Amino acid sequence: MFKYILKRIIVAIPLLLAMSLLTFWLMEKTPGNFFDSLKLDPQISQETIVRYEHLYQLDKPMLYRYLIWLKNLLTGEWGYSFFYNVPVSRVLGPRIFNTFILSLSSLLVTWLFAIPLGIWAAVRRNKWVDKILSFLSFSALSMPSFFLAMLLLYMVSYTGLLPLGGMRSAHYDDLGFFPKVIDLLKHLIIPTIVISLGSIAALQRIMRGNILEVLRQQYILTARAKGLPEHIVFYRHALRNAINPLITLFGYELSGLLGGAALTEIMCNWPGLGSLMLTAVRSKDVYLVMASMLMGGILLLLGNLIADILLAFSDPRIRL
Amino acid sequence: MRTFTRLLLFLSFFLFVSPASFSKNFSPYGGTIVLSTTSDPKSFNDIIAKETSTTAVTSLIFEGLTTVNAFNLKVEPNLAKSWTISEDGLTWTFYLRKDVLWNDGVPFSADDVVFTFNSLIYNDEIPSSSRDIFTIDGKKFDIKKIDDGTVQFILPVKFAPFLRSMGQSILPKHKLEEVVKNKKFNFTWGIDTNPYEIVGTGPFQLVAYKPGERLVFKSNPYYWKKSAQGQKLPFLEKIVYLIVQNPETALLKFIDGELDYYALSGKDFPLLKPQEKKNNFTIFETGPSFGTNFIVFNQNLGVNEKTQKPFVEEKKLKWFTNVSFRQAVSHAIDRKKIIEILNNGLGFEQYSPISQADGFWYNPDVKTYGYDLDRARRILKEAGFEDRNKDGIIEDSDGSPVEFNLYTNSGAIERIQIAGIIIHDLEKLGMKVNFKILEFNALVSKLTSTFDWDAILLGLTGGGADPHFGQNVWISSGQLHMWYPRQKEPATHWERRIDEIFSEAVKELNEETRKKLYDEFQMIVSEQVPLIYTVLTSNIFAVRNKFGNLKPTNYGGPFHNIEEIYIK
């Protein structure tokens, strides 16, 4: 087991290197650099821009800068953000935490709702519950998340029940521990619904499909034939097999923890990574982009690894 | 007698509204104002700050020697209480206020001023964006301390915008001297700094910053300015800036009462106006904004050194350098319609390179180009452009059909809408316009290094209150002289004249004479139309009805006198 994990980690290193080189190259090859916006400021001279580019080493060849970045990375330095003039870790730190909270809450809500709903729909196949659920799923899937966010925000603005976007109230710092938690939870409700609704719908459909497929297998027929009670056939034999493909999916979802909520974050004013990264890419804040890309890459590989390990636990046919 | 009573009533009315007559129990002190901004500050370091989301925040914390009066745009004393100028116009002596303390209680002195210029702005290791303003023909100012309360600036040449540029924020020597010595200044006062380390003389000081969420300022207990009645300022206790990226969310927050202020565009106006009473706010429309949108045609005569091909195709160059062609295009821009459709009628047609918002410098007599397609067709015909083969596209005198690419940058939705309206009319003139939307960086590359474009619809940042600071755009050697940048010799007689005007005007200390020069410059530009201006939007904002001393101006917006504003 440990040998397997070690092997996976060693394989991941060249993959991450290639990924970072590709990103660096793409950032380099698209036209312009960070100081382009300054070039359109009448008060800033050509010499100043040249001086900036020299100071930030943008006049050096790309490979040289990449290697410097790599060298610094090995010593734990992620580079400086052009935009903020501080190490990227200081810019990313608080944002990662915020995004993580939102993603975690929507991940939890998604799985807690989708799996039981999927099972329910499968059990009551072609009954009215199934039909209503499938109608709701398709409606939820076809609703763009930004529209849903706007709709919910308008509702909130009319009723005044929940805060209008953001992560904490203005008076958050003056609150005690429990009121702080409640304040945070209140702010979480709308963005969590926006992110989860589509995923619940999709996951619920997948779960339902998986169960129905498993129920057609011959070992289910065997189990029924040898006279096992239906709930044992369903929960012990069918469900365990139906859930395995979802574990792989879960691994992928882990990698989306940091990047999956960008649009919702912007709509709901959630102070996460989404908008930060959007401006970073557009303004060509190279090292900020590199850091977030690298983290996304690591999470993807890690998510896959975790999924594989979980799968090995849940499915005895797989051995690591 | 009746008139006397009326007069009395009239006078007592004034007594009541004047802030001197706060009732006995009323205290103007305390309270919070909640504002919003669309993006996070990038740094609190005012010297290396490169963009507006930062400077909007630092302007509450730091002050300069002079400031600009928001009502008449004249230069006024701020940290300096007065100044004198030598006969030759080169030596300026500033007498500083003696009652100014930094917000950590340390007295402000001439050392801070000298430090800000000599150790920060002129420091080669510090990427200061203000350095260009204080460098003339590559020469720096010579700045000396005379005594604790007196600073002397010796300029290499006469520099008319000097006083205005003295609005430059002064930073505390006692806080930063060590940092500069250790070569750490570039990374000082970043967004992760303990807010109390950021020391300024301004009315407010930063007390908290949560990235992506909010900035909190509280009043500076050591602030020097007093109200007209001698009260200590500022009145407000706290300013909270919520960071709200999405303007729709900000609008909801404003309607909901969470925000006290919302800057609206013309399209929000019909939605908000009917709600004024119900939701207890007032909408102010103060006049034209500074932001411009214009079309520029590429007149670059240069040749690409690598490929030996001209930047602009020969036939196109012939059209674009023809002033009749540009004037005809200007006549084909339906500015009224743009204002109507984009801004619900709230906007201004623009023809001068200096925005009407500039007040004093603006020349109202510039040549205008009303929407007149027939006239445009006539001008084109006289210049040899005509649809000879009746295919709907006009040809030039050599028979080449007029077809060109118009670029603008993605993300600027308003610009894309303007382009749509303009292209529709240009097509009526028989021009074939291929509209292309590029990523901002790609557009800047075309404009400043590859020069392979025909026409661009664009706006410019910066500029501001003194025409001289637009010189990179207007002088023929400027790198932002978009239609033909970095010329060795002015390509046309009118560009030569503009070069002369700018170099003359910057040395002219008499404002009236100087204004005449810039008036001429505006006339030339409006006749030659190297940049074809479109419209200026209106400055419109809504403010909750709870503030006293609110005196919005077009230049300063609603909160230029934030230290005097109080909650009623």
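Below, chain A is the first sequence line, B the second, and so on; all start at residue 1. Note that the coordinates shown come from a computational prediction; the quantities given were computed from them, not determined experimentally.
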Look up atom [atom1] in [X] and atom [atom2] in [Y], then write down how far apart they are to the nearest 0.5 Å.
{"X": "B:N45", "Y": "A:Y84", "atom1": "CG", "atom2": "OH", "value": "15.5 Å"}
{"X": "A:I266", "Y": "B:T249", "atom1": "CD1", "atom2": "OG1", "value": "10.5 Å"}
{"X": "B:E248", "Y": "A:F146", "atom1": "CD", "atom2": "CZ", "value": "11.0 Å"}
{"X": "B:Q245", "Y": "A:L276", "atom1": "CD", "atom2": "CG", "value": "9.0 Å"}
{"X": "A:L164", "Y": "B:L251", "atom1": "CG", "atom2": "CG", "value": "10.5 Å"}

Relative to chain A, which segment of [X] carries a heavy atom at a distance below 4.5 Å: side chain, backbone, both, or neither?
{"X": "B:L443", "answer": "neither"}
{"X": "B:L458", "answer": "side chain"}
{"X": "B:F440", "answer": "side chain"}
{"X": "B:V240", "answer": "neither"}
{"X": "B:K446", "answer": "neither"}
{"X": "B:Q471", "answer": "neither"}
{"X": "B:I126", "answer": "backbone"}

Heavy-atom pair of closest approach, residues [X] and [Y]:
{"X": "A:P271", "Y": "B:P211", "result": "CB-O, 3.5 Å"}
{"X": "A:Y52", "Y": "B:P127", "result": "CE2-CB, 2.7 Å"}
{"X": "B:K253", "Y": "A:G165", "result": "NZ-O, 3.8 Å"}
{"X": "B:N123", "Y": "A:R51", "result": "O-NH1, 4.4 Å"}

Which one, [options], leads in non-hydrogen pairs under 4.5 Å with chain A?
{"options": "B:K210, B:M482, B:E258", "answer": "B:K210"}
{"options": "B:A442, B:S449, B:G212", "answer": "B:G212"}
{"options": "B:T188, B:V444, B:V34, B:I243", "answer": "B:V444"}

Would B:S410 and A:R282 count as a side chain to side chain contact (heavy atoms under 4.5 Å, CB included) here? Give the steps.
CA-CA 11 Å; B:S410 61; A:R282 295 189 68 155; 3.8 Å; yes
How about [X]: does its [atom1] atom have over 12 heavy atoms from other parts shown lying under 6.0 Å from it?
{"X": "B:K238", "atom1": "NZ", "value": "no"}
{"X": "B:I413", "atom1": "CD1", "value": "no"}
{"X": "B:K183", "atom1": "NZ", "value": "no"}

Side-chain touch [X]/[Y], heavy atoms, less than 4.5 angstrom:
{"X": "B:L252", "Y": "A:M150", "value": "yes"}
{"X": "B:I191", "Y": "A:R90", "value": "no"}
{"X": "A:N269", "Y": "B:N246", "value": "no"}

Highest number of heavy-atom pairs under 4.5 Å with chain B among A:M267, A:R168, A:K284 belongs to A:R168
As an exercise: rank A:V86, A:N98, A:V91 by heavy-atom pairs under 4.5 Å with chain B and give me the winner.
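The candidate making the most pairs under 4.5 Å is A:V86.
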Under 4.5 Å to a heavy atom of chain B? For A:Y154 that would be both
For the pair A:R95 and B:D40, find out whether any cationic side-chain nitrogen is under 4.0 Å from an anionic carboxylate oxygen.
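A salt bridge links A:R95 with B:D40.
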